[in-house]
Amino acid sequence: MSPELAAILARSARDAARALVGWTLLKDGVGGVVVETEAYEPDDPASHSFPGPTRRNATMFGPPGRLYVYRSYGVHWCANVVCSEEGTGAAVLLRALEPVAGLEVMQERRRTADLRLLCAGPGRLAEALDISDVDDGAALDQPPFELHAPRSSPDVVTGPRVGIRRAVERPWRFALRGSDFVSRPRPRA
DNA sequence: CTTTCGATGATCT
DNA sequence: GATCATCGAAAGG
């Protein structure tokens, strides 16, 4: 793993979630720029790692830089980046990308031509990149995945996390300011 | 525009 | 049996 990525992922989920905005994520050359993330910390009642290690969340307690993939509402797949120290259970939920590469492939997978709806939400993002349970535990800096650093530091806004019932007050959602490709409800401009 | 609701399966109580 | 880090279609204003 590059020193730059390792340094980002070594930090808390909050810091890693903020720092991952602007990076480009690809699977098999298909994907785009990360424009929205959420942090899930250890001792965070909203995190899947909160109850401790189980079969589902085992990847969360493994090495940083791996993908933790889980099924949401029995219908969708959602993808996280494991971060902080191995064994802590910290992770960053990937919530939205700005589509950049493989647009036609993603449009086909998502069955929509609207670029704003290709990767705007964790379930949509996973479907567009063809991420599922088989990718759980995969290293994000090794094929078929690539993670590329932004050229300059992006302008990031924060807000409450989406879709959770517990610890709703923690402002651990991060998004690229003004992006047209974030999920709803839209963060403040 | 906004709100409501069904789908569908693993996990938890 | 209830809950859930979601989405899209349908119904309501």
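Note that the structure is a prediction, hence the values are computed from the model and not measured. Here is how names work: the chains are called A, B, and so on, in the same order as the sequence lines, proteins then strands, and each is numbered from 1.
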For nucleotides 11-13 of chain B, tabulate all protein N/O to nucleotide N/O atom pairs closer than 3.5 Å, reporting atom names and distance.
none

(message) Could you tell me if A/Asn57 and A/Ser49 have a donor-acceptor pair between their side chains, going purely by distance under 3.5 Å?
(response)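 The criterion, which ignores hydrogens and geometry beyond distance, is not satisfied for A/Asn57 and A/Ser49.
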(message) Under a 3.5 Å threshold, yes or no: a donor from one side chain and an acceptor from the other, between A/Glu98 and A/Ser179?
(response)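 Result is no, nothing qualifies.
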(request) Tell me whether the centres of the aromatic rings in A/Tyr40 and A/His48 are closer together than 6.0 Å. (result)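 Judged by ring-centre distance (under 6.0 Å), A/Tyr40 and A/His48 do not meet the cut-off.
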(request) Quick one: look up who B/dC12 pairs with, Watson-Crick or G-U, both distances under 3.5 Å, and put none if it's unpaired. (result)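 Here B/dC12 is engaged in a pair, and the nucleotide opposite it is C/dG1.
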(message) Can you tell me the base-pairing partner of B/dT3? Count Watson-Crick or G-U wobble geometry only, both distances below 3.5 Å, and say none if there is no partner.
(response)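 Looking at the geometry, B/dT3 pairs with C/dA10.
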(request) Could you tell me the separation between the CD atom of A/Glu36 and the CD atom of A/Glu38, rounded to the nearest 0.5 Å? (result)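 Those atoms lie 6.5 Å apart.
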(request) Tell me what A/Arg184 touches on the nucleic acid: a base, only sugar-phosphate, or nothing, going by heavy atoms under 4.0 Å. (result)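 It contacts nothing in the nucleic acid.
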(request) Using a heavy-atom cut-off of under 4.0 Å over every strand shown, decide if A/Ile164 touches base, sugar-phosphate, or nothing. (result)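 Since only primed, P, OP1 and OP2 atoms lie under 4.0 Å of A/Ile164, the category is sugar-phosphate.
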(message) Going 5' to 3' along DNA chain C, between which two nucleotides do contacts with chain A fall, using a heavy-atom cut-off of 4.0 Å?
(response)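 So the outermost contacting nucleotides come out as C/dC4 to C/dG8.
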(message) Taking the nucleotide of DNA chain C with the nearest heavy atom to each, does A/Glu127 or A/Arg165 sit closer to the 5' end?
(response)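 Nearer the 5' end of the strand: A/Arg165.
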(request) Hey, which sits more toward the 5' end of DNA chain C by its nearest nucleotide, A/Leu117 or A/Ala91? (result)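 The answer here is A/Ala91.
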(request) Tell me, with the steps shown, if A/Arg18 and A/Val156 meet side chain to side chain contact (heavy atoms under 4.5 Å, CB included). (result) CA-CA 7 Å; A/Arg18 175 184 287 276; A/Val156 176; 3.9 Å; yes
(request) Please step through side chain to side chain donor-acceptor pair (under 3.5 Å) for the pair A/Ser183 and A/Arg95, ending with a clear verdict. (result) CA-CA 7 Å; A/Ser183 66; A/Arg95 285 200 57 92; 3.0 Å; yes
(request) List in chain and number order the residues that pass salt bridge (Lys or Arg N to Asp or Glu O under 4.0 Å) with A/Asp155, two or more places apart in sequence or in another chain; answer none if no residue qualifies. (result)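 A/Arg177.
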(message) So which atom in A/Pro171 and which in A/Thr158 form the shortest heavy-atom distance, rounded to 0.1 Å?
(response)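 Heavy atoms of A/Pro171 and A/Thr158 come nearest at O-CB, 4.2 Å.
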